Amino acid sequence: KRPLRLWKYKELLPVQGEPVSLQEGGTPLYHLKRIGEELGLKNLYAKHEGMNPSGSFKDRGMTVGVSMALQLGMKTVACASTGNTSASLAVYAAKAGIPAVVLLPAGKVALGKVAQALMHGAKVIAIRGNFDRALEMVHDLCISEGLYLLNSVNPYRLEGQKTIGFEAVDQLGCVPDRFVLPVGNAGNISAVYKGLLEYQALGFTDSLPKMTGVQAEGSSPVVEAIKKNLDVLIPEKNPETIATAIRIGAPVNAEKALTAIRATGGCALSVTDDEILAMQRDLARKEGIGVEPASAASVAGIKKMAEEGLLDADEKIVCVVTGHLLKDPETVIKQCEPPTEIDPDLESLLAVLR
Ligand SMILES: Cc1ncc(COP(=O)(O)O)c(/C=C/C(=O)C(=O)O)c1O
């Protein structure tokens with residue numbers, strides 16, 4: 001009996017031989033009891049992808065992507081990132097013993113993610129432009145220098161991330177009615193859909209969940225495309241949201257995400273920055289689950305749908321919370337009251353606790 005980890009599913013993954021692995025996957029599936037009760041939802045779950053080695057779901061894509069880089073004889077790996085992809089690439093490149101180059105939108109990446117990319121030894125370049133511009137540039141870089149591009153345009157990234165769907169079904173014991181993910185470059189929602197299709201094709205399951213994508217209001221091109229019934233999406237020129245991880249105007253996997261949502265009768269909705277921050281706080285204080293802002297968008301989307309009466313009390317809902325709280329400590333410090341500072345004596349302490 002194999003432990004619940006990503007490589008439990010190795011026969012469904014493309015890597016031959018020993019993968020570059022840090023025991024990723026096997027993340028907890030938590031029942032959101034309190035938040036579920038507040039929303040009248042009996043079966044609301046969160047799969048905490050912040051419990052991966054580098055603190056986000058990106059590790060699933062990178063264990064496969066970096067393993068394939070070695071298998072293909074590539075010498076250097078590269079990506080553009082809003083932060084977590086670069087952190088994860090740095091981690092897995094270090095494990096593989098090959099160099100990594102990462103391009104970040106200057107001034108728009110959460111502190112923890114920059115710290116990881118730097119400490120794990122990537123060459124970290126900050127572009128005076130947004131993520132979408134950085135992605136264009138890293139594409140050109142890889143073509144001109146023969147580097148291996150590991151953004152989610154690379155299908156091996158999605159191969160690793162599809163295991164989120166396998167694990168959730170195995171943990172829940174059935175296919176959920178709805179699978180909810182925050183959407184930025186739209187790779188994760190596409191990957192999970194692919195995995196669930198494969199489980200069905202293999203005869204392990206006989207249904208598919210409604211694939212539900214949640215974006216930040218200031219950065220929601222997929223929501224717009226669904227609303228306007230478009231097949232090709234109109235990029236958002238200047239995406240803006242405090243959830244910097246999903247501050248992406250031209251998602252490279254948009255078409256796959258639109259298919260995933262439409263083929264399963266799912267939906268796409270946006271939530272405000274305030275709704276994201278409120279849910280980040282609720283998850284931390286009511287469920288003990290610490291996530292970064294973008295991750296809370298999936299549960300904030302469910303709260304919105306529940307309040308609009310769109311959900312059935314018995315619906316089995318899995319929300320993916322995609323990154324750890326520690327990734328973005330600055331946003332937390334800005335949102336919270338500061339610590340109460342006192343003189344170092346008991347009387348001062350009692351004075352502030354009474
Ligand atoms: C915490 C967190 N939550 C959700 C998403 C959205 O997933 P996709 O829709 O598959 O992009 C991201 C994406 C981050 C990057 O795209 C990057 O790191 O470059 C994230 O870090």
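Heavy atoms only: backbone and side chains are in, while hydrogens, waters and symmetry mates are out. Quick caveat: nothing in here was measured; it's all calculated off a predicted structure. Every number for a ligand or one of its atoms is a count from 1 in the order of the listing.
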Just to verify, what does N188 make a side-chain hydrogen bond (donor to acceptor under 3.5 Å, both in side chains) with, not counting sequence neighbours? Q161
Would you tabulate the polar-atom pairs, meaning N/O of ligand 1 against N/O of the protein, with distances under 3.5 Å, reported to 0.1 Å?
unit_1: ligand 1; atom_1: 3 (N); unit_2: T322; atom_2: OG1; d: 2.6
unit_1: ligand 1; atom_1: 9 (O); unit_2: G184; atom_2: N; d: 2.7
unit_1: ligand 1; atom_1: 9 (O); unit_2: N185; atom_2: N; d: 3.3
unit_1: ligand 1; atom_1: 9 (O); unit_2: A186; atom_2: N; d: 2.8
unit_1: ligand 1; atom_1: 10 (O); unit_2: G187; atom_2: N; d: 3.2
unit_1: ligand 1; atom_1: 10 (O); unit_2: N188; atom_2: N; d: 2.8
unit_1: ligand 1; atom_1: 11 (O); unit_2: N185; atom_2: N; d: 2.8
unit_1: ligand 1; atom_1: 16 (O); unit_2: K58; atom_2: NZ; d: 3.3
unit_1: ligand 1; atom_1: 18 (O); unit_2: S81; atom_2: OG; d: 3.1
unit_1: ligand 1; atom_1: 18 (O); unit_2: T82; atom_2: OG1; d: 3.4
unit_1: ligand 1; atom_1: 18 (O); unit_2: N84; atom_2: N; d: 3.2
unit_1: ligand 1; atom_1: 18 (O); unit_2: T85; atom_2: N; d: 2.8
unit_1: ligand 1; atom_1: 18 (O); unit_2: T85; atom_2: OG1; d: 3.0
unit_1: ligand 1; atom_1: 19 (O); unit_2: S81; atom_2: OG; d: 3.1
unit_1: ligand 1; atom_1: 19 (O); unit_2: T82; atom_2: N; d: 2.9
unit_1: ligand 1; atom_1: 19 (O); unit_2: T85; atom_2: OG1; d: 3.3
unit_1: ligand 1; atom_1: 21 (O); unit_2: N84; atom_2: ND2; d: 2.8

What residues, two or more places apart in sequence or in another chain, satisfy salt bridge (charged side-chain N to carboxylate O under 4.0 Å, His left out) together with K108? none
I'd like to check the salt bridge (charged side-chain N to carboxylate O under 4.0 Å, His left out) partners of E315; sequence neighbours left out, ordered by chain and number. R178
Any chance CZ of R34 has more than 12 other-residue heavy atoms, nucleotides or ligands included, within less than 6.0 Å? no
Pair S54-D59, side-chain donor/acceptor within less than 3.5 Å: yes
Side chains of N84 and E292: any donor to acceptor distance under 3.5 Å? yes
